[in-house]
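Structure record follows, encoded as structure tokens.
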Amino acid sequence: MAWKLIGNIAGKPVEHELEDGVHLIGRADDAALQLSEPSVSRHHAEIRVVGTQVTVRDLGSHNGTKLNAIRLGDSASDLRPGDLLEVAHVGLRVEGPGANAALGLDITMLDNSGTLAPNAEISWDEFQTGSHGEDAEEMGVTGRQRRAQLFRVLAEAGALLTTGNEPEELFDPILDLVDTAMDPERTLLMLIEGDPAEPVIKASRVKGGAAAGNLALSRTMMKQVVEEKKSFLTSDAMNDSGDGMMSMISQGIRSAVAVPLFDNENVIGLLYADDSSGGVRFDRDGLAAFTLLANVIAVILTHARLHALEEEKRRQDAELSAASDILENIIPAQLPECAGFETFARIEPCYEVGGDLYDAVHTSDGRYAFLVGDVAGKGMGAALLVSHILSWARFMIEEGWQPLEIVQRLNNQTCRITDHLRFATFFLGILDPATGRIEYVNAGHNPPLIIRADGTVENCPATGMPIGVLEDSPYRSSELQLDSADVLALFSDGIPETQKIDDEDEFGDERFEKFLVEERTAEMPGIFDRMQQELADYRQDAEVGDDVTLMLLRRMADAPGDDSVADGKMDRTDR
């Protein structure tokens, strides 16, 4: 079997064979394994294959390289079959000759095979009621010594609960506990992972100079350990031939135990130990002790997992809070004033960090540029793209670029830094306050509504697709005219797409238009507050599903130059 790296990027399988030589991993064109993922550096990591030795090292990448969850430096680390290599956010599994070589064992999973059959078992109910072990009077000195030793081991195990280590950092201490308590020749720790969920080898130990050998585990046995919470014991001194169906081992084992890692709520894996030298004989009381130790180990691992999740959540919350603060400084709390117009904008984010955006800027020639957008997705990725779009747009507006040029450049820039799943709808308008004329480009955004003074409604349809979908996508500009008391409402899809629980019907464009017509002369902050109440009344007990953004521009009745347009209105024209 050849050495390979196997993974998946954006739903597409990746497979790279590791032949002798140097293999560069990164986004660069000269990379042997090219990963088109923004989090991956151009020259990210390097793998060297020299005969049977395979090593990996990080090349000073920005997002780092991890081997089995441990971050690598610039020194070489050995790769072995079964290892998990993380290149930034891309996970790659190492496959190679001698599967499980990293564990020092050649593991085979058998459905029904073996020469030794389990000849003792303990269910979890039996273990809890204490009806599994030797009578106290019959225990003898050796049994009492074993239990005393077990109590000492459990005391040591309890100390691991307070370490705050990652689960992977606990594997070696756990194997130390098993060695102290049971003194087995081989120990195997398996945790349930994957889809479909099944036990996966996470750590093992072969004691002293013993040969690793071959180990054949029965799937039937593992299923019963995991699903029925049964502990199994086999010993050649006790073994009758049985039917072999639940055999744990195929050959060469004198005594062995397999017990569930039960954390008092779920079975998270199993613990296996054996001896082939004849120096150790596990008995029923030893099986009970091993079951108790496995229970404590499972609690320790689950505690470590929960602690890791809490730490990750705290880290993410801190990052989201920082991103929220940054967006609050980038997105203006109030729009700049515009002569002859009332202006208003507000975002009510669904989560701590959303993907909606707006801005307004005075241009050098006295016009008023305004924009609204909605980035696909939420969280840090969306916040980062929001900041880029606002920065680029503001720079180009202040440099005097025209709307069509700005949107075309934004689209191409977004395509170059994101994948096809990260895009944004975007509307940009530039208003001449003296005339009320607006030149605009609508890149796939919800068509803004023009609420005329007489209550009629018009909209501004899309003039191109969302930015970030297709490089060099065609766009066109269009124009509209705002006259006395006309209102232009720009909004995100969080308004019309508001839903009730278990109801596909949405608040919809029609309700929203009716609301704006009724509120067209009201004070603008009040319009937003009442709209939020309307949405809440419609949503009832359903959770808020998306950011809500509203921008309003209303031409004052006594605006200068209002009579400059013949007939009071100007038809929109496309360019």
Side-chain angles (χ1 to χ4, degrees), residues 330-346 357-373 389-411 413 424-443 445-453 458-464 467 475-491 524 549-575:
I330 293 177
I331 298 174
Q334 293 182 330
L335 297 182
E337 294 182 356
C338 181
F341 284 80
E342 296 176 76
T343 61
F344 173 86
R346 187 177 300 173
L357 60 100
Y358 69 77
D359 200 2
V361 180
H362 288 287
T363 65
S364 57
D365 60 2
R367 294 185 297 168
Y368 189 81
F370 58 94
L371 59 91
V372 169
I389 289 174
L390 286 173
S391 299
W392 291 333
R394 189 173 295 173
F395 169 78
M396 288 185 280
I397 289 170
E398 291 175 348
E399 289 295 305
W401 292 38
Q402 296 306 304
L404 189 59
E405 297 174 306
I406 293 172
V407 174
Q408 288 171 337
R409 183 64 178 271
L410 278 175
N411 173 66
Q413 290 282 10
T425 62
F426 186 79
F427 182 97
L428 172 64
I430 297 188
L431 164 69
D432 182 352
T435 64
R437 179 180 300 185
I438 297 174
E439 181 182 359
Y440 72 86
V441 177
N442 184 355
H445 196 72
N446 295 79
L449 299 175
I450 309 167
I451 314 300
R452 298 296 181 185
E458 303 173 27
N459 63 35
C460 310
T463 61
I467 62 175
Y475 294 93
R476 68 179 188 279
S477 64
S478 189
E479 289 186 355
L480 64 91
Q481 175 70 38
L482 290 183
D483 296 321
S484 176
D486 287 349
V487 178
L488 177 64
L490 303 96
F491 57 95
M524 289 184 172
T549 298
L550 180 65
M551 177 184 285
L552 300 171
L553 283 80
R554 179 166 54 204
R555 193 171 189 189
M556 298 176 184
D558 56 351
D562 189 41
D563 58 352
S564 62
V565 180
D567 301 328
K569 292 183 182 178
M570 176 179 291
D571 293 334
R572 292 193 306 274
T573 58
D574 290 342
R575 293 194 230 171

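These numbers come from the heavy atoms of this one structure, side chains and all, not from hydrogens, waters or symmetry mates.
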Handout entry: Side-chain (Asp359) to main-chain (Leu390) donor-acceptor, under 3.5 angstrom
Key = no
Using a 3.5 Å cut-off and no angle test, enumerate the donor-acceptor pairs between side-chain atoms of residues 365-372 and protein atoms at least two apart in sequence or in another chain.
residue	atom	partner	partner atom	Å
Asp365	OD1	Thr363	OG1	2.4
Asp365	OD1	Arg367	N	3.4
Asp365	OD2	Arg367	NE	3.2
Tyr368	OH	Pro336	O	2.7

Problem - Close side-chain approach of Ile467 to Tyr475, heavy-atom, < 4.5 Å - result: yes
Practice task
Please examine the side chains of Met551 and Leu335, heavy atoms only from C-beta on, and report whether any two atoms are closer than 4.5 Å.
Solution key: yes
Problem - Closest approach of Pro448 to Asn442 (non-hydrogen atoms, all atoms of both residues) - result: CD-ND2, 3.9 Å
Completion exercise
dist Ile406:CD1 -> Trp401:CH2 (nearest 0.5 Å) comes out at 8.0 Å
Exercise for the section: Can you see which heavy atom on Ala393 is nearest to which on Phe426, and at what distance? Expected result: CB-CZ, 4.4 Å
Handout entry: Polar side-chain atom of Glu439 near backbone of Asp432 as donor-acceptor pair, under 3.5 Å
Key = no
Practice task
May I ask you to check whether over 12 heavy atoms, not counting those of Glu337, lie within 6.0 Å of atom CD?
Solution key: no
Exercise for the section: Sequence neighbours left out, what passes side-chain hydrogen bond (donor to acceptor under 3.5 Å, both in side chains) with Gln413? Give chain and number order. Expected result: none
Exercise for the section: Would you mind reporting whether Phe427 and Pro447 have side-chain heavy atoms less than 4.5 Å apart? Expected result: no
Exercise for the section: Calculate, to the nearest 0.5 Å, the distance between atoms CD1 and OG belonging to Ile438 and Ser478 respectively. Expected result: 11.0 Å
Practice task
Look up atom OG1 in Thr343 and atom CG in Leu488, then write down how far apart they are to the nearest 0.5 Å.
Solution key: 12.0 Å
Practice task
List for me each residue that meets ring-ring contact (aromatic ring centres under 6.0 Å, His included) alongside Phe491, sequence neighbours excluded, and say none if there are none.
Solution key: Phe512
Practice task
Dump the intermediate steps for side-chain contact (heavy atoms from CB on, under 4.5 Å) on Met396 and Glu405, then the final yes or no.
Solution key: CA-CA 9 Å; Met396 288 185 280; Glu405 297 174 306; over 6 Å; no
Problem - Shortest non-hydrogen contact from Val361 toward Arg394 - result: CG2-CG, 4.1 Å
Practice task
For residues Cys338 and Leu553, determine if any side-chain heavy atom of one lies less than 4.5 Å from a side-chain heavy atom of the other.
Solution key: no
Problem - Pairwise distance CG(Leu431) to CD(Gln481) - rounded to 0.5 angstrom - result: 9.0 Å
Handout entry: Side-chain heavy-atom pair Leu480, Glu458 within 4.5 angstrom cut-off
Key = no
Handout entry: Spacing of Ile450 atom CD1 and Asn459 atom CG [to the nearest 0.5 Å]
Key = 7.5 Å
Problem - Closest non-hydrogen atom pair between Ala489 and Leu552, with its separation - result: CB-CD2, 3.7 Å
Exercise for the section: Determine, stepwise, if the pair Arg346 / Met524 fulfils side-chain contact (heavy atoms from CB on, under 4.5 Å). Expected result: CA-CA 10 Å; Arg346 187 177 300 173; Met524 289 184 172; over 6 Å; no
Practice task
May I ask you to test the Leu490-Cys460 pair for a side-chain heavy-atom distance under 4.5 Å?
Solution key: no
Exercise for the section: State, yes or no, whether a side-chain contact exists between Leu482 and Phe341 at a heavy-atom distance under 4.5 Å. Expected result: yes
Completion exercise
In this structure, CD1 of Ile331 is separated from OG1 of Thr549 (nearest 0.5 Å) by 7.5 Å
Practice task
Mind listing the closest non-hydrogen atom pair of His445 and Thr425 along with its distance?
Solution key: ND1-OG1, 2.8 Å
Practice task
With the side chain counted from C-beta on, respond yes when Ser477 and Thr463 share a heavy-atom pair under 4.5 Å apart, and no when they do not.
Solution key: no
Problem - Sidechain-backbone polar pair: Asp486 side chain, Ala453 backbone, donor-acceptor under 3.5 Å - result: yes
Exercise for the section: Given side-chain contact (heavy atoms from CB on, under 4.5 Å), test Leu428 with Ile397 step by step and report yes or no. Expected result: CA-CA 10 Å; Leu428 172 64; Ile397 289 170; 4.1 Å; yes
